[in-house]
Amino acid sequence: MASLANCEILGAVKIKDGLFVGDELAAQDLEFVVANKVTRVINCSGRQVPNHWETIGVAYLTYYWLDADSQIILDQREVVANETFHFIEQALEAAESVLIHSVRGQSRSCCVLAAYMMKKYSWGLRKTMEFLSSRRPDLELKPSFLQQLLSFERRVMQQSKQPFSLDWNDNNFRGLECEELLLRNTYMNSQMGPLAEIQLEAPNGASKPTRLAWNDGGVDDRLRLEKPAGAAETNTVVTQMVAGEVWDRDAEGRFGPRGRWWFHDVSGIHGRPGGWYFRDGQGGVQAAEEWQEQVEESTYAYVLALEELLSKMRGRGLGSPPCGEAFAAAIGSTCGSGRWAVALSLLADLESQAAGVGASDPESLAQALAKALAKALACAAQGRRQDVALGLLERLRQLGRGAASAQAYADSIEACGRAGGRWEEALALMSRMRAEGLEPTEDAYLAMLSCCGPQGRWREALQILFEIRRSGGHPRNFAFARAIEACGVAGQWEISLRLLSQAQGLTAAGRGSSFSIKGRSCSRACFSMAILACEVPGRWEQALRLLQDMKSSGGFEPALSEVGAAFAACEAAGADLAADALAERAAEAAARFSRSAGQAEANWRLYDVKKASQLWEYIQRNAEPGDLDGVIAAVEEHFSKVKWTKVTGSARCAVLERIVAESDLPGVRRVLECGGFVGHSALCFARALRRRWEGVGHHEKNEWRVWSLEQHPLVARVARQILKYAGVLAPSKFRAAADNLVGSGVQVIVGRSEAGIKVLARQHAGLVPTIDLMYLDHAQWRYHLDVELARSGGLLRRGSIVVGNNCLFPGRPLFIGYGLASSRAGLCHFELVPLRVEDLVEDYREERSQLRVQLEDWLGVCILSKGCDEEDGQIEATTTTKTKPKATTITTAAPRPAPEFWGLAEEVQRVQRSSQSGPVDWEAHAARIRTSLGTLLQSLGVEPNKSSRWLQCAEKGGCSGVHSQVDYAKDMRQEQFELLLGMEDGLFMT
Ligand SMILES: C[S@@+](CC[C@H](N)C(=O)[O-])C[C@H]1O[C@@H](n2cnc3c(N)ncnc32)[C@H](O)[C@@H]1O
């Protein structure tokens, strides 16, 4: 008999009297609505399905949710749960009916329905889902909705005054109200029928009888369980059969109760042998290492399965080795999927078992614990959780008997690197490892080099190359690439080039490396790092030659970063010689090169260049030359009405201009911006600076300046054209340094921000700090690092203001973490300025079409309380000249973002990366990051400052012109980021 689970259910399904759940067909079925007296509808898919019957008086509660894992349905404050609950109850009290629908009626709507049932009857989630799936066997809740329901269950249980019913057989059903009793009986009856059978189909479609096949034939042969026969074969049929209480997907991917245990006849999933198996009392087999794969999709199933496994293990006293091993594997898979809290509690559990008196096999428990700790440590390193990793290493050391192995140290060193190049701690680990009699492995050396490279620790990096050789090994390309990077960052370009030729010899000898750096092969990375090493010192001839070698001898097509760095090297040389002609020639050389490199063209982000050029044409058509206000208005009009471009936008610029206008004395006169793009923010700075300084006092004192750093040479060229058209481009022979002002204006510096800052700092050496306002609007990883570069390079003073854009959307968690850490260290005052901005994002449904959304963003504002102009033990003087004031550099360790911020940064990175290759659901991302950052900040007692002094711009009319009002987030319900599609232009500011 075909199981009901195989049926496709169309239309509405009755859950109980007066309550229906359905799909889009049900939503438009007037006959159904009238026949069932449906007077209220909860539309969970307002974007996809219109409110069909509003016009005939049906009341709607509409939500614009996506059927996506990132969608928040059940918010922590229970706004949605309460709203829907009362909406349903009101209809039922009036003996009318309610339809809850989405597009397919299987996920969003069922999530709302489940929350209602749980609240109404005080049922646990499992029981509710069992009931719902008896009514709607094709239930297919998104895993994250289940997770939200799980949290909802916890909250409701805490608040509930009456006991929760978790099971159909709990004893309190006798006292049930008539309605609930009816539901119980309905459910029990449904279990007598065909639903009890779960039929699985073999891949060829033929029905396959369920069968348990133990790989060891039931003889408890661990070896055969570990590596079953046929494990190497691909496409081996995996029979998954269930009996009991665990919820999971079936072979067709349907979610439902699949019994009390998973039984895998695992003879290799896609050719991948299974791992450790846990054999339960009834002879079931749990492939613990397969968990992650199996349950990634379903956190709920995961947690249930884990609980089940644990209680079984506890029941059995964890006595036998397979249990301990399975425990270790479970911890590994838990950490691997980022469920730290679960993993750490598992570890604590295992530790207390191991420490317990009378464990039946303490030796194997200790081994299992060591294995679990090591596994968790490796996962912590991958997850950039240095804090967790070092804690775990310590616990391994305490276990003794070599538990803290060389690999554990290597993983810990890697964690230091991944958590932001914490090379000092990594070095300390290296020495401790040696002190404990452990020889560093190749992994440890490579991890150490990964710490040193980005931090410019070139001496340490060379020392490691030397040690690898001394220990009889051969440094591979990976090691060379990192060492070349370290030398480059430290300005040792000549050593970088020498190392590159050694690495090339290595590749020629066939001793390269299979590793990769940022997705590129290491031999390619060696070239890349060497070209970057030429950027700051302006070694443009070498850079261009390397580009050629890279292609001719390496066979690699240069990408944007490499061509851009060569270009910037040319520009830096041009700037040094104050010769436009040279810069022009260098620019041509780089552009010619990019034209000849097919792949480079693709990587050149021509899309950005095209948009920038379109904007430039629009400005020429719509603004007069020399009319700064007119040019800014044209940029903003183009942004809001014609095409979205990644400019700062007027709401944010209003705040920036206000900062320039109203900053405390001595005031903002010199601005450094990272990420100039077409110069929109630079234009706004120029306008505010002009207003503040021009016409004030003696003309020499009126000068102001903006340095705009932009890595994309072709975009930077467009920016120069626009700035020139607006009449604010600095004269061409304008020196970058601040000591020799010869007029006000904006100077565009081409190249990576870190290079630009170093060039400025070098030219500026020996002078008082000059940057009054630093604006960060480029790559998220660079925000805090560039502030530190500017600070340590002597560019920032006490009272300098640093503003980071996009802190909430798309998110700059590291900058927030850095701001908070600096503020705690007494180095600055930090605040988050909330803004409600309208943005256009590309619609994920129709590629390249645009979606207008209103969303919240935060500007992170740091006001330095200590600059590099201050004498205090942390600062050392470097140079003094007769005519110039003392210059200083800071030698203290930079404040670092706390580890929790790194995970969020990864998340932002993932989304930004995927937006480069395809459409992204930005609204869902906005909602997710709002929740995660909000929760994190709440735990730190921080919240955006709604009464920030920088916010009242529009109200005061302080920043005239095109700005519309800055309306900041007051009502957090609005954070659902409703679509403003269909709203009239001009209603919201841009
Ligand atoms: C959001 S746009 C800046 C918008 C600009 N502030 C405005 O209002 O028009 C970011 C720009 O940063 C540039 N960028 C990204 N990473 C950079 C880096 N490390 N150094 C310099 N520029 C960078 C990108 O090429 C891009 O043009």
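One-based numbering along the sequence shown. Both counts, for ligands and for their atoms, begin at 1 and track the order of listing. Since this is a predicted model, take the numbers as computed values, not measurements.
At least one heavy atom of Gly751 sits less than 4.0 Å from an atom of ligand 1.
For the atom pair CG (Leu933) and CD1 (Ile816), the distance works out to 4.5 Å, reported to the nearest 0.5 Å. Note: Trp458 CH2 to Cys487 SG = 6.5 Å, rounded to the nearest 0.5 Å. Between the CG atom of Leu814 and the CG atom of Leu785 there is a distance of 8.0 Å, given to the nearest 0.5 Å. Here Leu864 contributes atom CG and Leu796 contributes atom CG; the two are 6.0 Å apart, rounded to the nearest 0.5 Å.
In this structure, Val489 and Gln455 have side chains that are not in contact, with every pair of non-hydrogen atoms separated by 4.5 Å or more.
Near Phe677, with a cut-off below 4.0 Å to any heavy atom, the atoms of ligand 1 are 2 (S), 3 (C), 4 (C), 5 (C), 9 (O), 27 (O). Distances below 4.0 Å separate heavy atoms of Arg752 from the following atoms of ligand 1: 20 (N). Counting the atoms of ligand 1 from 1 in the order shown, those under 4.0 Å from a heavy atom of Ser681 are 5 (C), 6 (N), 7 (C), 8 (O), 9 (O). Listed by number with element, the atoms of ligand 1 under 4.0 angstrom from any heavy atom of Gly676 are 5 (C), 7 (C), 9 (O).
Comparing heavy-atom distances from atom 13 (C) of ligand 1 across Gln780, Glu754, Glu710 singles out Glu710 as nearest.
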Is there a ring-ring contact (aromatic ring centres under 6.0 Å, His included) between Tyr725 and Trp616? Walk through the geometry before answering. CA-CA 10 Å; Tyr725 191 80; Trp616 168 222; 5.4 Å; yes
Kindly determine whether Tyr783 and His778 satisfy ring-ring contact (aromatic ring centres under 6.0 Å, His included), including the steps that lead there. CA-CA 7 Å; Tyr783 274 38; His778 56 330; 5.4 Å; yes
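Residue contacts with ligand 1: Val715 is placed with no nitrogen or oxygen under 3.5 Å of a nitrogen or oxygen of the ligand (distance criterion only). Between His680 and ligand 1, at least one N/O pair is under 3.5 Å apart. Polar contact with ligand 1: absent for Arg782 (N/O pair, distance under 3.5 Å). Checked by distance only, ligand 1 and Tyr775 stay at 3.5 Å or farther apart across all their nitrogen or oxygen atoms.
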